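So the structure is just underneath, and the comments pick up after that.
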Amino acid sequence: MRFVDRGEAGRLLARELERFRGRPGVVYALPRGGVPLGVEVARHLDMPLDVLIPRKIGHPMQPEYAICAVPEQGERVCNPREEAAVDPGWLADAESRERIEASRRRALYGRADAPSVAGKLAIIVDDGIATGLTMRAAIRDADARDPAEVIVAIPVVPASTAATLEREADELVALEITDQYLGAVGAYYDHFPQVADQEVIRMLEEAAGGEAGHGH
């Protein structure tokens, strides 16, 4: 399955989530790439949009390869084998750096009037998944906010990761679960530019303005 861009993936995902429309909930996008999809889902389901900011800890020799992820609230999630193989002092430093970066982004993207998800649906959206560690950290973060249910919504997910996410969330909604994962999220998109902080801020502000328009 291929997508023209994140907007198209978001619209297709929104259709898959149609049955949740009309229920009280919050759509949480993972910045930065998940935000364009979150915008489409939140608009379609008529829910407020917010962000969760889990941060990946990359392997010391191969920073692109995630060995752990840190939620804003709660304990880190790690690949146990990789965690055991790295220096604990290095890992503690890396975790504290990523928590600082999450705080910086929260201050940048933050909403003073962040919608409460207590007792409601939390729908977590991203543009794709590799190891699944950041999404698992996001699930922990959402759980800490006391929602009624946590739904993970993702365009394409490897079958092995899907099984883990189905255990940790209440439900996984995916357009495609594949045994032949292409490795890189961008491989599923024709147009996959980096999303800048300024764009994230603009999209969140527009979504918040739209909410005011229909009485959230």
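These numbers come from a predicted model, not from an experiment. Scope of the values below: all heavy atoms of this structure, side chains included, with no hydrogens, waters or symmetry mates.
For R136 (side chain) and L165 (main-chain N/O), no donor-acceptor pair under 3.5 Å exists by modelled atom type. The backbone N or O of R99 sits less than 3.5 Å from a side-chain atom of S103, completing a donor-acceptor pair. The backbone N or O of I57 sits nowhere less than 3.5 Å from a side-chain atom of E98 that would complete a donor-acceptor pair. Counting only distance, with no hydrogens or angles, the side chain of D170 and the backbone of I151 share no donor-acceptor pair below 3.5 Å. Side-chain N or O atoms of R6 include none that pairs as donor or acceptor with a backbone N or O of L37 at under 3.5 Å. Formation of a donor-acceptor pair under 3.5 Å by the R76 side chain with backbone atoms of A92 is not found in this model. Of the possible donor and acceptor atoms, one in the side chain of K56 sits under 3.5 Å from a partner among the backbone N and O of E64.
Using a cut-off of 4.0 Å between Lys/Arg side-chain N and Asp/Glu carboxylate O, E176 and R2 are scored as not salt-bridged. Salt bridge R145/D141: present, at least one basic N to carboxylate O contact under 4.0 Å. Residues E101 and R104 are paired through a salt bridge, judged by an N-O separation under 4.0 Å between the basic side chain and the carboxylate.
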Requested in this report: List the steps, then state whether salt bridge (Lys or Arg N to Asp or Glu O under 4.0 Å) holds for E75 with R140.
Outcome: CA-CA 8 Å; E75 301 295 303; R140 286 195 182 182; over 6 Å; no
Query raised in the report: Checking side chain to side chain contact (heavy atoms under 4.5 Å, CB included) for the pair W90/D93: CA distance, chi angles, key distance, verdict?
Result: CA-CA 5 Å; W90 173 86; D93 286 348; 5.8 Å; no
**Report entry** From CA spacing to verdict: side chain to side chain contact (heavy atoms under 4.5 Å, CB included), V152, I139
**Finding:** CA-CA 8 Å; V152 168; I139 293 168; 3.7 Å; yes
Query raised in the report: So V27 and V125, side chain to side chain contact (heavy atoms under 4.5 Å, CB included) or not? Walk me through it.
Result: CA-CA 7 Å; V27 174; V125 181; 3.9 Å; yes
Query raised in the report: Can you list the steps and then say if F3 with V156 is a side chain to side chain contact (heavy atoms under 4.5 Å, CB included)?
Result: CA-CA 10 Å; F3 309 100; V156 183; 3.7 Å; yes
Report task. Could you walk me through whether Y65 and E82 pass the side chain to side chain donor-acceptor pair (under 3.5 Å) test, one step at a time? Result -> CA-CA 10 Å; Y65 174 64; E82 300 289 1; 3.1 Å; yes
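One finds the CD1 atom of I201 at 10.0 Å from the CZ atom of R32 (value rounded to the nearest 0.5 Å). One finds the NZ atom of K120 at 14.5 Å from the CD atom of E149 (value rounded to the nearest 0.5 Å). Interatomic distance, L52 CG to M135 CE, rounded to the nearest 0.5 Å: 9.0 Å. Remark: L121 CG to R23 CZ distance equals 4.0 Å, nearest 0.5 Å. Between the CG atom in N79 and the CG atom in L133 there is a gap of 6.5 Å [rounded to 0.5 Å]. The CE atom of M203 sits 11.0 Å away from the CD atom of Q198 when rounded to the nearest 0.5 Å.
H44 and E18 share a side-chain donor-acceptor pair at under 3.5 Å. Donor-acceptor pairing under 3.5 Å is recorded for the side chains of Y109 and D197. In this model, no donor atom of one side chain and acceptor atom of the other lie less than 3.5 Å apart for Y189 and E8.
With sequence neighbours left out, E171 forms a salt bridge (Lys or Arg N to Asp or Glu O under 4.0 Å) with R19.
Hydrophobic clustering of Ile, Leu, Val, Met, Phe, Trp and Tyr side chains at less than 4.5 Å, counting indirect connections, keeps I154 apart from V195. Connection of I123 to V150 is not established within any shared hydrophobic cluster, with ILVMFWY side chains joined at heavy-atom distances below 4.5 Å, either directly or through further cluster members. One hydrophobic cluster, built from ILVMFWY side chains closer than 4.5 Å, cannot hold both V26 and V41; they sit in different ones. Following chains of ILVMFWY side-chain contacts shorter than 4.5 Å, one cannot reach V51 starting from I124, and the two form parts of different hydrophobic clusters. V77 and V86 fall into different hydrophobic clusters, where Ile, Leu, Val, Met, Phe, Trp and Tyr residues are linked whenever their side-chain heavy atoms come under 4.5 Å apart, directly or through other members.
The shortest non-hydrogen separation linking L17 to A153 is CD1-CB, 3.8 Å. Here the closest heavy-atom approach between residue G33 and residue D127 is recorded as CA-OD2, 3.3 Å. Pairing each heavy atom of P147 with each of A142, the nearest pair is CD-O, 3.1 Å.
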